[in-house]
Amino acid sequence: MKILVVAHEYPPQGGGAGIVAKQFISDLSSVHEIDIVTKKSLNVENIKGVTIHQVKLVRGLWFFCYLWYFIKNIKLEEYDCIVANDAISLYLCGSLLPKKIIKKTICLLHGSEPEYAYIDQSFLKRLLFTKFVFKRLFLNCKKIFSHSNYMKKKILSCRDFKKLNVACKVEVSYFGYNEKLFYFSKSKEDFDIKNIHGIEPKNRILVSASRIVAKKGYERKLKLFKRILKINDNYHWIIIGDGDYKNELINLIRESGLENKISLVSKIEQHLLRYYYSQSDLFWLLSEYKESFGLVYIESQACGTPVLGPNQFGVKESIDNFNTGLLSNNDEEIINYIILSKYKNCRVKELILFSSNFSSINFSKRLELEFAK
């Protein structure tokens with residue numbers, strides 16, 4: 001079967017949606033012929049046997065760049081199925097594809113699609129007929145997969161989406177983590193993070209991995225970490241990622257005098273994350289966004305490490321409260337959980353069993369069933 005994946009976000013650029021695209025493409029590429037259309041970037045992460053069409057975008061003219069590329073290079077009638085993987089890709093499919101091709105299209109909802117399609121109606125969005133384009137897509141597409149129950153409720157609550165009467169097309173199917181990259185292993189395999197970062201052997205490690213932006217909750221975590229150290233200074237915090245808030249965070253760490261207690265690691269290759277997850281005592285992230293899910297929490301649990309996140313939105317579906325970590329309601333609960341080492345009550349067996357429900361293989365199999373219909 002020949003599949004076209006439209007993925008505006010694709011590694012190394014973009015966020016979670018791009019990683020998801022790479023995962024299910026990798027899972028399916030051994031049995032299906034897959035082409036990808038994405039924006040042009042340096043060092044694009046290729047997969048053996050997969051054809052990548054890179055579209056060079058001009059600022060402000062991205063839609064016309066894609067349009068011209070589709071006209072010149074993509075023979076849509078050759079494909080048995082189309083997968084639209086992120087908000088911009090959904091817009092492209094809704095506007096560029098003929099209806100007969102849209103009927104072969106599967107839409108993936110990651111989180112920001114309701115805002116993009118319905119809530120944020122700027123002048124540019126109105127100029128691009130965004131609502132009409134999404135209406136055309138959702139009315140005619142084959143299937144709509146939602147990343148979580150929270151995401152499904154979010155899209156179904158949009159008044160403009162309700163009017164379409166297509167709720168029956170929306171199905172929850174967690175897009176999942178890559179079990180080939182994230183798994184439990186006691187071996188440090190010459191990658192001992194305490195030695196690498198000069199962390200004292202007695203110290204317990206807290207780890208965070210995300211984009212370093214203000215609303216990911218790093219200022220709040222820094223204040224909590226200071227309180228934790230006043231009670232027990234045998235903790236070290238490793239922060240992995242890059243972003244526009246990183247310099248401000250570095251300054252806050254310096255002002256707090258915690259340079260020796262916090263290690264900052266620039267965005268690293270995915271396969272190295274496993275070592276940080278598996279050798280840490282607790283993964284914590286307190287995002288202020290309305291996260292549609294919490295894939296990083298699942299990755300950590302797959303590596304046998306308990307997690308701590310906010311008891312809200314899609315994160316609630318990624319943690320089995322008290323069994324694989326804590327869904328926190330307030331700062332005092334967080335302090336208490338860490339200081340009393342309650343995370344030690346989480347058993348590796350339960351962490352691995354829970355995370356196995358979210359393997360990307362499960363989603364890839366669900367996609368294949370839809371391809372076959």
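For the pair A17 and E9, the tightest heavy-atom approach, listed with the atom from each and the gap, is CB-OE1, 3.6 Å. Here the closest non-hydrogen pair linking I47 and S29 is CG2-OG, 3.9 Å. Annotation for S292 and M151: closest pair CB-SD, 4.0 Å, computed over non-hydrogen atoms. When all heavy atoms of I193 and I199 are compared, the closest pair comes out as O-CD1, 4.2 Å.
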Can you check ring pair (Phe, Tyr, Trp, His ring centres under 6.0 Å) on Y297 and F293, steps first, answer last?
CA-CA 9 Å; Y297 301 103; F293 190 56; 8.7 Å; no
Report the C-alpha separation of E78 and K2 in whole Å, then their side-chain angles, then the decisive distance to 0.1 Å, and conclude whether the salt bridge (Lys or Arg N to Asp or Glu O under 4.0 Å) test is met.
CA-CA 7 Å; E78 292 183 354; K2 191 168 184 179; 3.0 Å; yes
Worked verdict on R204 versus S341 for side-chain hydrogen bond (donor to acceptor under 3.5 Å, both in side chains):
CA-CA 10 Å; R204 297 169 187 170; S341 302; 2.6 Å; yes
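Between F182 and Y277, the distance separating the two ring centers is shorter than 6.0 angstrom. Aromatic ring centres of H53 and F70 lie farther apart than the 6.0 Å criterion allows. Close placement of the F175 and H110 rings is indicated, their centers lying within 6.0 Å of each other. Aromatic rings of F313 and Y289 (six-membered ring for Trp) have centroids beyond the 6.0 Å cut-off, not under it.
Heavy-atom contacts from other residues, nucleotides or ligands closer than 6.0 Å to CZ of F129 number 12 or fewer. The environment of CG in N43 is sparse: at most 12 heavy-atom neighbours from other residues, nucleotides or ligands sit within 6.0 Å.
Interatomic distance, F184 CZ to R274 CZ, rounded to the nearest 0.5 Å: 10.5 Å.
By the 4.0 Å N-to-carboxylate-O rule, E368 lies too far from K365 to be salt-bridged with it. The pair D160-K131 meets the salt-bridge criterion, since a charged nitrogen lies less than 4.0 angstrom from a carboxylate oxygen. A salt bridge is absent between E288 and K216; no separation between the charged side-chain nitrogens and carboxylate oxygens falls under 4.0 Å. The residues E77 and K104 are annotated as not salt-bridged, no charged nitrogen and carboxylate oxygen being separated by less than 4.0 angstrom. The pair E171-R366 counts as a salt bridge, with a side-chain nitrogen and a carboxylate oxygen less than 4.0 angstrom apart. Between R211 and D242 there is no salt bridge, since no side-chain N of the basic residue sits under 4.0 Å from a carboxylate O of the acidic one. Look at K316 and E291 and you find no salt bridge, because none of the NZ, NE, NH1 or NH2 atoms lies under 4.0 Å from a carboxylate O. Looking at D331 and K223, no side-chain N of the basic residue comes within less than 4.0 Å of a carboxylate O on the acidic one, giving no salt bridge.
For K261 (side chain) and Y235 (main-chain N/O), a donor-acceptor pair under 3.5 Å exists by modelled atom type. Between the side chain of N140 and the backbone N or O of K103, no donor-acceptor pair lies under 3.5 Å. Not a single donor-acceptor pair under 3.5 Å links the side chain of D320 to the backbone N or O of N323. Judged by distance alone, the side chain of S89 and the main-chain N or O of A84 form no donor-acceptor pair under 3.5 Å. Using modelled atom types, no side-chain atom of S359 and backbone atom of S356 make a donor-acceptor pair closer than 3.5 Å. Checked by atom type and distance alone, the side chain of T305 never pairs as donor or acceptor with a backbone atom of Q301 at under 3.5 Å. The backbone N or O of E115 lies less than 3.5 Å from no partner atom in the side chain of D120, so there is not a single donor-acceptor pair. The main-chain N or O of S41 is found under 3.5 Å from a side-chain atom of Q54 such that the two form a donor-acceptor pair. Between the S26 side chain and the K22 main chain, no donor and acceptor come within less than 3.5 Å of each other.
For the residue pair W237 / S208, a side-chain donor-acceptor distance below 3.5 Å is found, with atom types taken as modelled.
Of the residues L206, I212, V207, the one that meets the side-chain contact (heavy atoms from CB on, under 4.5 Å) test with I239 is I212. Screening F363, F358, Y150 against Y174 for a ring-ring contact (aromatic ring centres under 6.0 Å, His included) leaves a single residue, F358. Remark: of the listed residues V5, I144, N85, N85 is the sole one forming a side-chain contact (heavy atoms from CB on, under 4.5 Å) with L108.
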